[in-house]
Amino acid sequence: MPLSKQPMARTRAGATLVSRDFYLDPPDRVAQKLLGKLLVRGEMVGRIVEVEAYFGEADAASHAFPGKTARNAVLFGPPGHAYVYFIYGMYFCLNVSCEREGRAGGVLFRALEPIRGVEAMATNRGVAVTRITALTSGPGRLCQAFGVTRERDNGADLTSPKSDLQIRDDGFVASDVLVTPRIGISKDAERPARFLLADNSFVSKRGA
DNA sequence: AAGCGGATCGTCT
DNA sequence: GACGATCCGCTTG
């Protein structure tokens, strides 16, 4: 029986690969849409439960605020690519670029709920599998759990079937989305641009 | 439960 | 030469 239409790409996670046009929207819109999606690397799968939007050159808190540099160049590139930066001399943080090429929007991944590959995540983090809520709750922690580094992942295309690191959609529908100010920034600290799933115990801070 | 300081270094002034 | 889109462990209450 021939297929009349191109089937959507399915994978080991049983979920469709999120395509590039998904990321063409403004960062706050992309951030909301990302809630409930899956971050996938090999056997490891985590559901996105907390993100932050950064509004490019118009946003004093964004790494893109000073304009394009070697460090933030990925943010100015095409949507759907990983922007990974090194922070506090020890940690990495993962973003996905959004908006058209030339516009530097981005979404920071702040917390995941581990779905599969918990053992691998714990190994990468160098911790025992005791407190599972601490495995991927926080931008630095989730990068460590998924082995995300600047050298390895900065600029990676998250929409490519060939990519090691992907965002997938398993049909999960996010309900009860909370919006709060962003965490850990000093400039434009009041702006509500942090999006999280209410009543999810894997967000990086409680009670927000 | 909450607050503080140390670790540690790439990036831009 | 200062400063982070952080995390952890130790202190105090």
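Lettering of chains follows the sequences in order, A, B, ..., and the numbering in each one begins at 1.
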Point to revise | Phosphate-side-chain proximity, A:Arg131 and C:dC7, N/O vs OP1/OP2 below 4.0 Å | key: no

Exercise for review: Considering only Ile, Leu, Val, Met, Phe, Trp and Tyr, and joining two whenever side-chain heavy atoms are under 4.5 Å apart, list the other residues clustered with A:Leu75.
Suggested key: A:Tyr54, A:Val74, A:Phe76, A:Tyr83, A:Tyr85, A:Ile87, A:Tyr88, A:Met90, A:Tyr91, A:Leu108, A:Ile185

Check your understanding: What integer distance in Å separates A:Asn154:CG from B:dT11:C1'?
Key -> 14 Å

**Study point:** Partner residues of A:Phe86 under the ring-ring contact (aromatic ring centres under 6.0 Å, His included) criterion, sequence neighbours left out
**Key:** A:Phe92

Exercise for review: Mind listing the residues from residues 48-80 of chain A sitting with a heavy atom below 4.0 Å of DNA chain B? Number order is fine.
Suggested key: A:Thr69, A:Arg71

Check your understanding: Do A:Lys33's NZ or CZ and the ring of A:Phe22 fall within the cation-pi criteria of under 6.0 Å and 45°?
Key -> yes

Practice item. Could you pull out the closest heavy-atom pair between A:Arg182 and A:Glu52, with the gap in Å? Key: CA-OE2, 3.4 Å

Review point. So, A:Asn124 and A:Gln144: side-chain donor and acceptor under 3.5 Å apart, yes or no?
Key: no

Exercise for review: Under 4.0 Å from any atom of DNA chain B, heavy atoms only: list the residues of residues 81-99 of chain A that qualify, in numerical order.
Suggested key: A:Phe86, A:Tyr88, A:Gly89, A:Met90

Review point. Does a donor on one side chain sit under 3.5 Å from an acceptor on the other, for A:Arg194 and A:Thr180?
Key: yes

Review point. With the threshold set at 4.0 Å, does a side-chain nitrogen-carboxylate oxygen contact exist between A:Arg47 and A:Asp170?
Key: yes

Check your understanding: Atom CZ of A:Arg191 to atom P of C:dA5: distance rounded to whole Å?
Key -> 16 Å

Review point. Does C:dC8 have OP1 or OP2 sitting under 4.0 Å from an N or O in the side chain of A:Arg141?
Key: yes

Review point. Within less than 4.0 Å of OP1 or OP2 of C:dT6, is there a side-chain N or O belonging to A:Arg110?
Key: yes

Exercise for review: Of all the heavy-atom pairs spanning A:Leu135 and A:Arg125, show the shortest one and how long it is.
Suggested key: O-NE, 3.0 Å

**Study point:** Dot-bracket encoding per residue of DNA chain B, Watson-Crick/G-U cut-off under 3.5 Å, | denoting interstrand
**Key:** |||||||.||||.

Practice item. Measure from CG on A:Leu108 to P on C:dT6 and round the result to the nearest Å. Key: 8 Å

Check your understanding: For residues 74-86 of chain A, which residue pairs qualify under salt bridge (Lys or Arg N to Asp or Glu O under 4.0 Å), counting only residues two or more places apart or in two chains?
Key -> none

Review point. Salt bridge check: are A:Asp28 and A:Arg191 linked by an N-O gap of less than 4.0 Å?
Key: no

Practice item. Cation-pi check, A:Arg110 to A:Phe195: give yes when NZ or CZ is under 6.0 Å from the six-membered ring centre and within 45° of the ring axis, no otherwise. Key: no

